Amino acid sequence: MVLSATVIFLYGTIASLLGTLLPTFSARFHLSPEQNGYIASLQALGLMLATLVAGPLMDSKGIKTALCGGLALMLVALLSLLGAAGWGTLALAIFALGLGSGTVVAASNNLASQVDEKRRASMVNFANLFFGLGGLATPFIAANLLAGNPMRLAYLVAALSVCVLVMAVSTSIPRPSAESGFHLKDLVTIERKPLLLLLCLTVFLYVGCEVGFWNWLPKYLMSRGSDSRTALNILGLGFACGIIAGRLLAMQILRRISAATVCVTAGAAMLIATYVTVHVSDPTLAAVAVFCSGMAMGPLFPSAIGITGDAFPRMTGTCIALVITSGWFGAAVSSWVIGRIAGSDPSRLPHALMVIPLSAAVIALLSVGISRMMPKSRVAAVEPIAL
């Protein structure tokens, strides 16, 4: 669990890194909002392709192989990002960063879900608390401790990546058994395909919403009159702290209700909170709305991963990877859609970001379907880990 939480913390720093660096890259390379959208989509494309490969790799070669390979690639991509000299090298570095990050996310969430099979959703929620902590650290350090120079933050994240890679290499992780391994012919015989489809659609929409917030929130707040420091603090202290609070709350709620019910409730709350976020201009009200948005979003992804692990005990890594891959595809689509709607006019960002509350409404409806499709033995409430 320590390794899984540490890796997810690292990914949290990287997930918010792009949103923190976008204003700097936009000024340096004279990028439009539409070009920023393409950059975010390239990252999501890398995440998606890597996760597709990571699932079968974990089921056949083990989690450690995927995890260490992903961390190494992520480190190389970060160093390339620091040396980017133009649009082409920047785009290539972002794509490679997506490849490494996608492998790491699939491996770390699969590892967390196997710590205690009776409490998967709680275990994954606990591990993903550290995603919020990582997301909190990145913009906060950039805004307050690095003299407003977010590029220095990339060096810190690269150094952290080296430490985590050493930790992963030195940690013993059991290899998959022959029975739980990956066999290509088993892909067509996966049971409960409709349930897997609903989980994929839910995570497709959710990750698109969350990544949209990480990537576009600072630029949106700055278009409403906030300075760069205020916008980054709202992203770090507001959104990331909200995600942490939501996952802490979910761990307690999962003692009484199922993970599927948590997803329904979180989707409805997300609809309200994100709608308010894109309709307020006061920085204080925006910070409150962003915190509530993060709190509503927090339980959705780890609960969906926990449900997947419960519902698909065979080929678990592949099924989890399929669900996560759907999320990265959602990130690519949402970033592209938001960029296209906003165009070259930052004042159009509030209209573009309405994609997020609309997606939240669909998430709530899909979660109802997931709750009805779950086997009765799997719908029971899950006891969380003790803090």
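This one's a predicted model, so the numbers in the text were calculated from it and none came from an experiment.
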Tell me whether [X] contacts the main-chain N or O of [Y] through its side chain, where contact means a donor paired with an acceptor under 3.5 Å.
X    : Y    : result
R247 : L129 : no
R348 : I341 : yes
N110 : A106 : no
S371 : V368 : no
S4   : S108 : yes
S161 : V157 : yes
T103 : G70  : no
K64  : V169 : yes

Which pair of heavy atoms, one from [X] and one from [Y], lies closest together, and at what distance?
X    : Y    : result
L79  : A158 : CD2-CB, 4.3 Å
L195 : A311 : CD2-CB, 3.7 Å
L271 : T274 : O-OG1, 3.4 Å
I307 : C263 : CD1-SG, 4.3 Å
A91  : L42  : CB-CD1, 3.4 Å
Y220 : H279 : OH-N, 4.0 Å

Roughly how far apart are [X] [atom1] and [Y] [atom2], rounded to 0.5 Å?
X    : Y    : atom1 : atom2 : value
L365 : T202 : CG    : OG1   : 10.0 Å
I63  : L111 : CD1   : CG    : 5.0 Å
K193 : L197 : NZ    : CG    : 11.5 Å
I324 : F204 : CD1   : CZ    : 16.0 Å
L201 : I363 : CG    : CD1   : 10.5 Å
N128 : Y11  : CG    : OH    : 10.5 Å

Note to self: Checking M74 against L10 for the side chain to side chain contact (heavy atoms under 4.5 Å, CB included) test, could you report, in this order, the C-alpha distance in whole Å, the side-chain angles of both residues, the deciding distance, and whether it holds?
What the structure shows: CA-CA 10 Å; M74 201 159 59; L10 172 63; 3.4 Å; yes
Cluster overlap [X] with [Y], hydrophobic side-chain contacts below 4.5 Å:
X    : Y    : value
F213 : M354 : yes
L47  : V333 : yes
I338 : V362 : yes
L358 : V276 : no
V211 : L133 : yes

Any heavy-atom pair between the side chains of [Y] and [X] that's under 4.5 Å?
X    : Y    : answer
V105 : T51  : no
V323 : F312 : no
I244 : L248 : yes
V164 : L160 : yes
F301 : I305 : yes
I356 : V278 : no
T325 : L49  : no
L3   : L67  : yes

Checklist line | Candidate pair M167 and V2, rule side chain to side chain contact (heavy atoms under 4.5 Å, CB included), full reasoning | finding: CA-CA 10 Å; M167 181 181 179; V2 174; 3.6 Å; yes
Next item on the list: Show your working on side chain to side chain contact (heavy atoms under 4.5 Å, CB included) between M295 and I243 and close with a plain yes or no.
Entry: CA-CA 5 Å; M295 193 170 181; I243 289 176; over 6 Å; no
Item checked: Polar contact flag, side-chain donor to acceptor under 3.5 angstrom, T261-S258 -> yes
Next item on the list: Begin with the C-alpha distance, continue with both residues' side-chain angles, and end with the deciding distance and a verdict on side-chain hydrogen bond (donor to acceptor under 3.5 Å, both in side chains) for T277 and S293.
Entry: CA-CA 8 Å; T277 298; S293 297; 3.1 Å; yes
Next item on the list: May I have the step-by-step check of side chain to side chain contact (heavy atoms under 4.5 Å, CB included) for F239 and I234, ending in yes or no?
Entry: CA-CA 7 Å; F239 190 50; I234 290 176; over 6 Å; no
Item checked: F329 atom CZ, neighbour heavy-atom count above 12 within 6.0 Å ->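 No - once you tally the heavy atoms of other residues, nucleotides and ligands closer than 6.0 Å, there are 12 at most.
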